[in-house]
Amino acid sequence: MHGKQTDARPSSVYLIGGEDEYLVTEETRKVIDKLVPAAEQVFGLDIVEGRADTADDGMRSLQKCM
């Protein structure tokens with residue numbers, strides 16, 4: 001049986017949180033710049049906005065990641 005070769009690299013998910021939106025944004029940018037080359041950020045990066053006021057909102061954001 002012949003199958004399509006797939007990239008076997010594991011996916012990485014980072015959860016960055018806090019009450020100070022500026023600090024959260026700055027930390028997120030640092031992680032992105034460290035892990036994803038600038039030329040690949042347009043196509044190789046998904047950011048899920050995860051602001052949540054309730055646990056249900058938080059769970060919906062996590063489900064988007066999955």
J.: If you link ILVMFWY side chains whenever their heavy atoms are less than 4.5 Å apart, which other residues fall into the same cluster as Met59? By chain and number, please.
T.: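 ILVMFWY cluster around Met59 also holds Leu62.
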
J.: Might you confirm whether atom CG of Asp20 has over 12 heavy atoms from other residues, nucleotides or ligands at distances under 6.0 Å?
T.: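 Enclosed: over 12 neighbouring heavy atoms sit under 6.0 Å from CG of Asp20.
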
J.: Going by side-chain hydrogen bond (donor to acceptor under 3.5 Å, both in side chains), name the residues that satisfy it together with Gln63, two or more places apart in sequence or in a different chain.
T.: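 Testing Gln63 for side-chain hydrogen bond (donor to acceptor under 3.5 Å, both in side chains), a comparison that skips the adjacent residues, returns none.
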
J.: So which atom in Val36 and which in Gln41 form the shortest heavy-atom distance, rounded to 0.1 Å?
T.: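 Taking Val36 first and Gln41 second, the nearest heavy atoms are O-NE2, 3.0 Å.
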
J.: Give the minimum heavy-atom separation between Gly58 and Ala52, together with the two atoms involved.
T.: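 Shortest heavy-atom separation between Gly58 and Ala52 comes out as N-CB, 3.4 Å.
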
J.: Once side-chain hydrogen bond (donor to acceptor under 3.5 Å, both in side chains) is applied, do any residues pair with Arg60, and if so which ones, sequence neighbours excluded?
T.: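 Arg60 satisfies side-chain hydrogen bond (donor to acceptor under 3.5 Å, both in side chains) with Asp57 only.
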
J.: Which residues pass the side-chain contact (heavy atoms from CB on, under 4.5 Å) test with Val31, sequence neighbours left out?
T.: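 Listed in chain order: Tyr14, Ile16, Glu27, Leu35.
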
J.: Can you tell me how far apart CD (Glu21) and CG (Leu23) are? Round to the nearest 0.5 Å.
T.: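 Here the rounded value is 10.5 Å.
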
J.: Can you name the residues that form a salt bridge (Lys or Arg N to Asp or Glu O under 4.0 Å) with Glu19, not counting sequence neighbours?
T.: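 If we apply the salt bridge (Lys or Arg N to Asp or Glu O under 4.0 Å) test to Glu19, skipping adjacent residues, there are no hits.
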
